[in-house]
Amino acid sequence: EQAFERSMTATLMQHLAEPRRFIQAVVGPRQVGKTTAVHQVLAGTSEAALYASADQPTLRADGWLEAQWEAARLQAKSSEAKSAILVLDEIQKLPEWSEIVKRLWDEDTRRSVPLKVVILGSAPLLISRGLTESLAGRFELVYFPHWSFEEMRSAFGFSLRDYLYFGGYPGAATLVGDPKRWTRYILDSLVETTISRDVLLLSRVEKPALMRRLLDLACSYSGHVLSYTKMLGQLQDAGNTTTLAHYLDLLSAAGMVRGLQKYAGDKARQRGSSPKLQVYNTALMSAHAGLDPAEAYGDRRWWGHLVESAVGSHLANSAASGDIELFYWRERNQEVDFIARAGKRLVAIEVKSGVAAADHSGLATFARTFKADRTLLVGSDSLTVEEFLSKPVSHWIE
């Protein structure tokens with residue numbers, strides 16, 4: 001990971017090479033390389049730079065953020081380039097961080113202080129609240145999604161089969177030779193850490209155990225359409241559907257699982273539909289399934305759902321980056337796995353995964369009903385799963 005540079009790294013580098021305009025807000029799930037990318041950018045710039053992390057509780061005393069900012073100001077004034085970059089990592093852990101950043105940024109704007117600022121956070125929803133509530137008009141978002149198949153292949157030599165099972169967590173790539181150890185790392189170091197340190201800090205969660213069971217359910221049923229009422233029945237909980245929908249939104253904000261809404265051409269009808277569960281990273285499915293790679297590959301039905309979820313995660317990460325909107329479609333006995341919308345362009349995507357008999361008539365019906373610009377059958381002879389995952393979603397939308 002240290003030697004591999006993602007495309008977002010180049011984007012961030014380009015933004016910081018420009019004159020001071022906006023705060024660069026780098027957000028995304030845990031362990032996708034946000035901090036690594038920032039260090040790569042700093043290593044490649046001639047500007048003075050100061051990196052500070054709020055991850056250590058002993059460093060978060062009153063005035064800590066102001067002290068880091070003032071130190072960076074001094075570097076900007078004393079450097080030959082007469083500018084500097086301040087990086088604030090794990091900023092969401094600071095109370096009232098957005099109000100402080102707003103005040104200091106506005107002071108520098110009035111005084112024409114050439115200090116460029118980058119803020120990083122592991123919990124997108126928490127950091128975005130501060131951005132949208134206090135820093136409106138002052139920031140530019142750089143979203144780091146989960147690693148794609150092409151990135152895992154380039155950095156770690158993953159085959160398609162490797163990627164389908166082990167997913168796109170770069171930190172776990174060295175453990176794939178020991179599946180049991182890999183599973184414990186995913187569940188303990190990534191899943192539990194994300195829930196305990198990110199999700200439970202995002203909002204008030206009255207039933208943490210229900211949220212954990214919901215995550216387990218979503219990982220087990222990725223690719224399935226389930227009503228919230230059916231979910232509650234599966235979870236054996238007396239909660240309400242509003243709470244469950246809220247918890248699913250929190251898990252989505254943390255980059256773990258999300259619920260796709262049914263495409264209806266009518267936003268009100270879309271909001272009222274049963275969600276289709278979708279993981280952002282197939283590693284979550286494999287780790288929760290309890291199947292080693294050979295057992296998983298031998299279970300053709302489960303593997304078929306994994307293939308469909310890999311296509312879905314590729315699309316879902318593009319949606320999280322703001323490139324597309326993502327839905328599913330179902331009407332009576334016809335359905336389409338994924339509907340991607342980008343501006344006025346509408347693309348219907350069906351996955352030929354071997355889960356069920358090959359009936360893909362839903363593609364034609366959807367295209368005719370909603371005048372889709374393009375239909376794709378992923379897994380067919382004309383478009384393999386490997387080819388689809390090897391290219392960015394924008395390639396297939398355009």
Side-chain angles (χ1 to χ4, degrees), residues 6-8 28-29 32 124 143-153 160 163-164 167-169 218-219 221-225 248-249 251-264 270 273-285 304-330 335-353 355 360 362-363 366-367 370 372-380 382-398:
R6 307 186 70 187
S7 61
M8 290 74 68
V32 296
Y143 184 81
F144 274 59
H146 289 278
W147 284 45
S148 68
F149 167 55
E150 185 59 32
E151 289 173 320
M152 294 300 288
R153 178 166 60 183
L160 175 63
Y163 182 73
L164 292 174
Y169 280 117
C219 291
Y221 282 84
S222 181
H224 292 74
V225 178
L248 191 58
D249 286 343
L251 292 171
S252 178
M256 302 184 80
V257 298
R258 65 169 292 181
L260 304 180
Q261 298 303 310
K262 175 184 173 182
Y263 184 84
Q270 286 166 190
S273 65
S274 297
K276 178 177 182 177
L277 299 172
Q278 173 63 53
V279 294
Y280 280 100
N281 194 319
T282 53
L284 299 172
M285 284 183 69
H305 285 302
L306 189 69
V307 171
E308 180 182 331
S309 288
V311 172
S313 68
H314 191 51
L315 293 163
N317 279 286
S318 182
S321 300
D323 300 327
I324 62 169
E325 295 176 87
L326 186 61
F327 311 90
Y328 75 95
W329 179 75
R330 175 180 289 179
E335 63 180 292
V336 179
D337 292 325
F338 304 105
I339 307 299
R341 182 171 63 189
K344 294 183 178 180
R345 286 193 64 79
L346 195 63
V347 179
I349 303 164
E350 181 74 8
V351 184
K352 186 178 179 182
S353 61
V355 175
H360 306 296
L363 277 175
F366 180 89
F370 295 99
D373 296 282
R374 190 177 190 184
T375 61
L376 298 173
L377 181 57
V378 181
S380 63
S382 59
L383 178 55
T384 65
V385 173
E386 183 165 1
E387 183 182 2
F388 180 82
L389 295 179
S390 297
K391 293 181 172 61
V393 171
S394 59
H395 173 85
W396 304 112
I397 301 300
E398 295 166 2

Contact between Lys262 and Ser274 at the side-chain level, heavy atoms closer than 4.5 Å - yes or no?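 Of all side-chain heavy-atom pairs linking Ser274 with Lys262, none is under 4.5 Å.
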
Would a 4.5 Å heavy-atom cut-off, applied to side chains only, mark Tyr263 and Ser273 as touching?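 Not in contact.
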
Spacing of CZ belonging to Arg258 relative to OG belonging to Ser313, to within rounding of 0.5 Å: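 With rounding to 0.5 Å, CZ (Arg258) is 12.0 Å from OG (Ser313).
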
Compile the donor-acceptor pairs under 3.5 Å between side chains in residues 385-398 and protein atoms, sequence neighbours left out, one pair per line.
residue: Glu386; atom: OE2; partner: Arg153; partner atom: NH1; Å: 3.0
residue: Ser390; atom: OG; partner: Arg153; partner atom: NH2; Å: 3.0
residue: Ser390; atom: OG; partner: Glu386; partner atom: O; Å: 2.5
residue: Trp396; atom: NE1; partner: Phe388; partner atom: O; Å: 3.1

Residue list, ring pair (Phe, Tyr, Trp, His ring centres under 6.0 Å) with Phe144, at least two apart or on another chain: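 Partners of Phe144 under the ring pair (Phe, Tyr, Trp, His ring centres under 6.0 Å) test: none.
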
The criterion is ring pair (Phe, Tyr, Trp, His ring centres under 6.0 Å); which residues satisfy it with Tyr328, sequence neighbours excluded?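 Testing Tyr328 for ring pair (Phe, Tyr, Trp, His ring centres under 6.0 Å), a comparison that skips the adjacent residues, returns none.
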
Under 3.5 Å, is there a donor-acceptor pair between the side chain of Asp373 and the main chain of Leu346?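 Yes: the side chain of Asp373 pairs with the backbone of Leu346.
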
Looking at residues at least two apart in the chain, or sitting in another chain, which of them share a side chain to side chain donor-acceptor pair (under 3.5 Å) with [X]?
X      : result
Ser382 : Ser380
Ser309 : Ser222
His146 : Asn281
Thr282 : none

Only counting residues at least two apart or in another chain, list the ones meeting salt bridge (charged side-chain N to carboxylate O under 4.0 Å, His left out) with Arg6.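 Glu151.
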
Residue list, side-chain contact (heavy atoms from CB on, under 4.5 Å) with Ala218, at least two apart or on another chain: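 Scan of Ala218 (side-chain contact (heavy atoms from CB on, under 4.5 Å), adjacent residues dropped) gives Val257, Leu277.
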
Partner set under side-chain contact (heavy atoms from CB on, under 4.5 Å) for Ala348, not counting sequence neighbours: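 Ala348: side-chain contact (heavy atoms from CB on, under 4.5 Å) contacts with Val336, Ile339, Leu363, Phe366, Thr375.
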
Check the side chains of Ser353 and Glu308 for a donor-acceptor pair under 3.5 angstrom, ignoring hydrogens and angles.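 No, no side-chain donor-acceptor contact under 3.5 Å.
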
Ile349 and side-chain contact (heavy atoms from CB on, under 4.5 Å): which single residue from Asp337, Leu377, Leu383, Leu376 fits?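 Exactly one pass, corresponding to Leu376.
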
